[in-house]
Amino acid sequence: MEAIAVIDFETTGLSPACGSRATEIAAVIWQNGRIVDRYQSLMNAGVAIPADITRLTGITNAMVRNAPPASAVMREVADFVGNRPMVAHNASFDRKFWESELARIGAQSTSPFACTLLLARRLLPDAPDHKLSTLTRCARLPATGQAHRALADAEMAANLLGHLLGVLSDKHGVTPSFSLISMLQRVPAAKIGDALRRARSA
DNA sequence: TGCCAGGCCCTCTTTAGGGCCTT
């Protein structure tokens with residue numbers, strides 16, 4: 001299966017449309033069942049971090065004050081990711097920030113995104129919930145560090161991706177590919193069984 | 001003062017509402 005870039009942002013809020021900015025990004029390259037490369041950096045976007053976000057992430061205003069400018073970090077991480085397909089947990093969130101932060105440096109994203117949250121809802125419907133931390137615990141995936149920091153969460157999401165690909169091949173007998181998971185995440189959840197049967201017989 | 005998003009999914013649905021998930 002082709003190499004995939006799994007990313008995670010820490011931000012000052014939930015939406016760039018409301019002025020939220022990135023404070024940290026991590027990207028890991030997933031290939032042949034393991035993480036083969038890592039990128040992580042705090043970034044200074046010149047905005048204050050709300051106190052409740054600092055409580056959640058541990059990222060302080062002092063930490064980002066001493067970090068490289070967001071523009072430099074985004075150029076670096078865009079080079080690191082290249083044109084690989086991308087994955088994130090709740091990708092609609094990370095994709096918004098990816099596109100927004102790239103637009104600020106005059107760049108555009110061309111990589112397709114897939115989402116481990118949408119896949120997990122379809123492939124692991126009996127999980128207690130579909131938070132990244134819960135799925136990591138239930139699947140007995142390795143601890144990756146402090147939750148709500150970008151590198152730990154990106155590694156967690158990459159390990160979850162590996163687990164979901166294993167479910168696809170071991171339980172459903174289909175050969176995983178990015179185009180397959182891209183398709184499956186768009187299938188209505190109620191019809192995932194039919195889609196897997198079609199994929200198996202294809 | 002208080003609130004601020006948005007895509008997905010389920011259901012007591014589809015001319016809607018509410019919970020989940022990300023920070």
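Proteins come first, then strands; the chains are lettered A, B, ... in the order of their sequence lines, and each starts at number 1.
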Q. Which of these nucleotides, B/dC21, B/dA5, B/dG7, is closest to any side-chain atom of A/D129?
A. B/dC21
Q: Any pair with a residue in residues 32-81 of chain A that passes ring-ring contact (aromatic ring centres under 6.0 Å, His included), sequence neighbours left out, goes on the list, sorted by first then second residue, please.
A: A/Y39-A/F80
Q: Take atom CZ of A/R121 and atom C1' of B/dG7, then tell me their distance rounded to the nearest Å.
A: 9 Å
Q.
In whole Å, measure the gap between the C1' atoms of B/dC3 and B/dC10 for me.
A. 27 Å
Q. Just checking A/D52: base, sugar-phosphate only, or nothing, at a heavy-atom cut-off of under 4.0 Å?
A. nothing
Q) Starting at CD1 of A/I53 and ending at P of B/dT22, how long is that distance when rounded to a whole Å? A) 13 Å
Q. Taking atom C1' in both B/dT14 and B/dT1, what distance in whole Å separates the two?
A. 37 Å
Q) Hey, which of A/L165, A/L168, A/V167 is the one that makes side-chain contact (heavy atoms from CB on, under 4.5 Å) with A/V174? A) A/L168
Q: Among residues two or more places apart or on two chains, list those pairs meeting ring-ring contact (aromatic ring centres under 6.0 Å, His included) that have a residue in residues 146-169 of chain A.
A: none
Q) Using a cut-off of less than 4.0 Å, is there contact between a side-chain N or O of A/H148 and OP1 or OP2 of B/dT23? A) yes
Q: Check every strand shown and say whether A/L117 touches a base, only sugar-phosphate, or nothing at a heavy-atom separation below 4.0 Å.
A: sugar-phosphate
Q: Starting at OG of A/S133, measure out to CE of A/M156 and round the result to the nearest 0.5 Å.
A: 7.0 Å
Q.
Taking any heavy-atom pair under 4.0 Å as a contact, classify A/D94: base, sugar-phosphate, or nothing.
A. nothing
Q | Upstream residue (5' side of DNA chain B) when A/L118 and A/T57 are each assigned their closest nucleotide | A | A/L118
Q: Go through B/dA5, B/dT22, B/dT23 for me and flag the one nearest to the A/S15 side chain.
A: B/dA5
Q.
I'd like to know whether CZ of A/R200 has more than 12 heavy-atom contacts from other residues, nucleotides or ligands below 6.0 angstrom.
A. yes
Q: Would you indicate what A/T23 reaches in the nucleic acid, counting non-hydrogen atoms under 4.0 angstrom: base, sugar-phosphate, or nothing?
A: nothing
Q. Going by the angle between their ring planes, with limits at 30° and 60°, are A/F97 and A/F9 parallel, tilted or perpendicular?
A. tilted
Q. Given atom CE of A/M86 and atom P of B/dT22, what is their separation to the nearest angstrom?
A. 18 Å
**Q.** Selection from B/dT22, B/dC10, B/dG6 that lies nearest to any side-chain heavy atom of A/A189
**A.** B/dC10
Q.
Taking the nucleotide of DNA chain B with the nearest heavy atom to each, does A/E10 or A/L14 sit closer to the 5' end?
A. A/L14
Q) How far, in whole Å, is B/dC8 from B/dC12 if one measures between their P atoms? A) 23 Å
Q: Report the distance from atom CG of A/L119 to atom P of B/dC20, rounded to the nearest whole Å.
A: 21 Å
Q.
Under 4.0 Å, counting only non-hydrogen atoms across every strand here, what does A/F9 touch: a base, just sugar-phosphate, or nothing?
A. sugar-phosphate
Q. Within this structure, what is the NZ-to-P distance between A/K96 and B/dC8, rounded to whole angstrom?
A. 12 Å
Q: Measure from CG on A/N90 to P on B/dA5 and round the result to the nearest Å.
A: 16 Å
Q. Expressed in angstrom and rounded to an integer, what is the separation of A/R149 atom CZ from B/dT22 atom P?
A. 17 Å
(Q) I need the CZ-P distance between A/F97 and B/dC21, as an integer number of Å. (A) 19 Å
Q) Below 4.0 angstrom from OP1 or OP2 of B/dC20, is there any side-chain N or O of A/H130? A) no
